[in-house]
Participant: 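Pasting a structure here, questions to come.
In what follows, every heavy atom counts, from backbone to side chain, and hydrogens, waters and symmetry copies are set aside. Owing to the predicted nature of the structure, the values given are computational and were not obtained by experimental measurement.
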Amino acid sequence: AEYMGSSIPTGGGTEVTKYRSIHLYLSTEVPYLSKFISRLNNQTVKGLVMQVNNEFTIHDWSIGGLETCIVVDLDASTTVTFDLGRATRESVHSDLVFISHGHMDHIGGILCHAAQRNVLGLPSARYYVPPHLEAPLKETLKSASLVDMHSRDRLINVEVIPLAVGTSVELPGSRWLVKPFATQHTVPSQGYLVYKGDQQTPKLAYTGDTTIQGLLAEENSEVLNVDVLITEVSFLNPGELNKSQEKGHTHVDDIISNISRFHKVSALVFMHFNFRLNEKDIVRIIGKQVSDHQFNGIKVHLALSAFKE
C-alpha cells in the first residue's frame with residue numbers, strides 16, 4: 001500500500017484503492033474496518049477523483065463550515081458544479097453551476113470562479129441559484145467589478161439564473177435535465193436532482209446542507225430513487241445529534257437510523273464533514289458505523305480530498 005508517497009507493509013491486511021490524495025490502509029488488526037470493506041463488497045473509497053458506479057466522475061472538495069465544491073462529470077461532454085465555496089481547478093472549467101444556498105462556505109468562491117474563467121479566456125458560466133439569491137448575488141458581483149478591474153465586464157454581466165423548486169432546466173447541448181428540490185437548513189436552501197434524457201427516475205442527487213427531515217420529506221421521494229446520492233454528514237460524534245439538528249445539518253446517526261429508506265440508492269457519497277474532524281477520525285467512525293449496521297449493499301464513498309491539504 002502507498003500512503004503519501006511512502007510504502008506501508010501490507011502484512012496481509014486489506015487495502016482500499018485510492019486515487020492521488022487519499023490512501024487508506026485497513027489492517028486486519030482492526031476487525032471492524034476489515035469487516036467494513038468486506039461488507040461493501042470491496043468498495044472503493046477515493047479522494048479527489050471518485051469513479052462512482054462506473055458512471056460518474058466526481059471531483060470532491062468539501063469541509064463543513066469552510067468550503068464545499070462538488071464537480072460531477074455526467075458524461076464525456078457535460079460537467080456540472082454543485083456549490084462554489086471554493087473555485088477549484090475542476091470547477092473553473094465547468095460552465096454549469098448550481099448553488100444550494102447562500103452561506104459563504106457554499107457560494108463564497110463564485111467571484112473567483114467568474115474572474116478566473118475570464119482570465120483563462122473561457123465564456124461566462126451559468127450560475128443557477130435559489131430565486132431569492134438572484135438580486136443580491138448580482139449586486140455582489142457588480143461590487144466586485146470595482147475591485148477586479150481586469151474582469152470588470154465579466155463580473156457585471158455574469159449570467160445568474162433563478163431556478164425555483166417545481167421548475168427544471170435542460171442542460172445545453174446534452175440530454176441531461178436538472179430539477180431543484182426543497183431542503184431544510186437554517187436559511188432557505190435546495191438540492192438538485194439530475195435526470196438523463198426522457199427517463200422518469202433521476203440518476204443523481206445533491207443535497208447541499210440539510211437536516212434528515214428535509215432529505216426524507218415526502219415531497220422529496222424522488223431523491224431516494226437515485227443511483228448516486230451526494231449528501232452531507234456534518235456531524236459524526238456521539239452526543240452531537242441535537243446540535244446537528246439545531247444547526248440544520250445531518251448526523252451520521254440520522255443516516256443509520258433511516259438506512260432502510262435508502263434501499264433503492266446504489267451509492268452514497270458522504271461530504272461536508274465538520275472542519276473540527278480529521279481524515280483518520282472520519283474513516284474510523286464511518287467505517288465502524290457501516291460495519292455495525294446493515295447497509296444492504298449500498299456503496300459508501302467519502303469526500304475527503306479537502307482534508308488532505
Side-chain angles (χ1 to χ4, degrees), residues 52-53 55-56 58 60 62 64 68 70 72 74 80-83 96-103 106-107 128-133 161-171 176-235 241 244-272 295-296 298-301 303:
V52 181
N53 281 18
E55 187 170 13
F56 301 115
I58 299 176
D60 68 278
S62 182
T68 288
I70 304 296
V72 182
L74 298 177
V80 296
T81 294
F82 296 108
D83 285 333
L96 298 168
V97 178
F98 294 85
I99 300 297
S100 65
H101 64 289
H103 281 157
H106 290 256
I107 200 173
Y128 296 94
V129 303
H132 71 281
L133 293 180
I161 304 169
L163 189 61
V165 172
T167 65
S168 62
V169 60
E170 293 184 7
L171 302 187
W176 295 95
L177 179 144
V178 176
K179 183 171 75 172
F181 63 93
T183 55
Q184 186 181 94
H185 192 39
T186 54
V187 297
S189 60
Q190 61 191 42
Y192 295 95
L193 290 160
V194 181
Y195 298 78
K196 186 175 184 179
D198 298 328
Q199 295 180 5
Q200 298 300 309
T201 302
K203 302 289 289 182
L204 179 144
Y206 172 85
T207 67
D209 288 358
T210 185
T211 62
I212 192 68
Q213 289 83 2
L215 178 58
L216 300 180
E218 183 177 352
E219 59 269 25
N220 291 339
S221 59
E222 286 183 294
V223 177
L224 300 179
N225 292 329
V226 298
D227 292 337
V228 177
L229 173 58
I230 306 171
T231 188
E232 71 125 296
V233 183
S234 298
F235 291 88
L241 195 58
S244 178
Q245 284 287 313
E246 291 169 3
K247 293 185 175 294
H249 290 296
T250 299
H251 192 287
V252 66
D253 288 350
D254 293 323
I255 301 293
I256 297 301
S257 60
N258 290 282
I259 195 60
S260 63
R261 302 280 300 276
F262 296 85
H263 68 279
K264 293 183 179 179
V265 176
S266 298
L268 287 166
V269 179
F270 291 155
M271 64 163 191
H272 204 267
F295 266 54
N296 300 316
I298 301 173
K299 296 181 179 180
V300 176
H301 299 251

Participant: Tell me, do F295 and I259 make a side-chain contact under 4.5 Å, heavy atoms counted?
Facilitator: yes
Participant: Quick check on E219: does its CD atom have over 12 non-hydrogen neighbours (other residues, nucleotides or ligands) under 6.0 Å away?
Facilitator: yes
Participant: Is the closest side-chain heavy-atom distance between F82 and M271 below 4.5 Å?
Facilitator: no
Participant: A side-chain contact here means heavy atoms from C-beta on lying under 4.5 Å apart; do F98 and I161 qualify?
Facilitator: no
Participant: Would a distance-only check, ignoring hydrogens and angles, find a side-chain to backbone donor-acceptor pair under 3.5 Å from S257 to D253?
Facilitator: yes
Participant: If you count every heavy atom of other residues, nucleotides or ligands that lies below 6.0 Å from E170 atom CD, does the total exceed 12?
Facilitator: no
Participant: Which heavy atom of L193 sits nearest a heavy atom of A205, and at what distance?
Facilitator: CD2-CB, 3.7 Å
Participant: Is there a side-chain contact between V52 and I230 (heavy atoms, below 4.5 Å)?
Facilitator: no
Participant: Indicate yes or no: at least one non-hydrogen side-chain atom of D254 is less than 4.5 angstrom from one of Q245.
Facilitator: yes
Participant: Have a look at D227 and tell me which of K203, K264, K196 forms a side-chain hydrogen bond (donor to acceptor under 3.5 Å, both in side chains) with it.
Facilitator: K203
Participant: Over all heavy atoms of both residues, which pair between H106 and S100 is shortest? Give the atoms and the distance, please.
Facilitator: ND1-OG, 3.9 Å
Participant: About how many Å separate CD1 of I107 and OG1 of T68, when rounded to the nearest 0.5 Å?
Facilitator: 13.0 Å
Participant: Which pair of non-hydrogen atoms, one from N220 and one from G214, has the smallest distance, and what is that distance?
Facilitator: ND2-O, 2.8 Å
Participant: Of all the heavy-atom pairs spanning L224 and R261, show the shortest one and how long it is.
Facilitator: CD1-O, 3.6 Å
Participant: When F262 is tested against each of V226, I298, V223, T231 for side chain to side chain contact (heavy atoms under 4.5 Å, CB included), which residue passes?
Facilitator: I298
Participant: Nearest 0.5 angstrom please: L216 CG to S221 OG, how far?
Facilitator: 11.0 Å
Participant: For the residue pair V80 and Y128, establish whether any side-chain heavy-atom pair is separated by less than 4.5 Å.
Facilitator: no
Participant: ring-ring contact (aromatic ring centres under 6.0 Å, His included) with H103: which of H272, H185, H249?
Facilitator: H185
Participant: Check T250, L215, T211, T183 against E232 for a side chain to side chain contact (heavy atoms under 4.5 Å, CB included) and give me the one that passes.
Facilitator: T250
Participant: Are any non-hydrogen side-chain atoms of D83 and I99 less than 4.5 angstrom apart?
Facilitator: yes
Participant: Take W176 and L96 through the side-chain contact (heavy atoms from CB on, under 4.5 Å) test and state the conclusion after the steps.
Facilitator: CA-CA 12 Å; W176 295 95; L96 298 168; over 6 Å; no
Participant: CG/L171 to CG/L177 distance, rounded to the nearest 0.5 angstrom?
Facilitator: 7.0 Å
Participant: At their closest point, which heavy atom of D209 faces which heavy atom of S189, and how far apart are they?
Facilitator: O-OG, 3.9 Å
Participant: Dump the intermediate steps for side-chain contact (heavy atoms from CB on, under 4.5 Å) on V194 and L74, then the final yes or no.
Facilitator: CA-CA 9 Å; V194 181; L74 298 177; 4.0 Å; yes
Participant: Is the distance from the ring center of Y192 to that of Y206 below 6.0 Å?
Facilitator: no
Participant: Could you tell me which non-hydrogen atom of H101 sits nearest to which non-hydrogen atom of P188, and how far apart they are?
Facilitator: CB-O, 3.4 Å
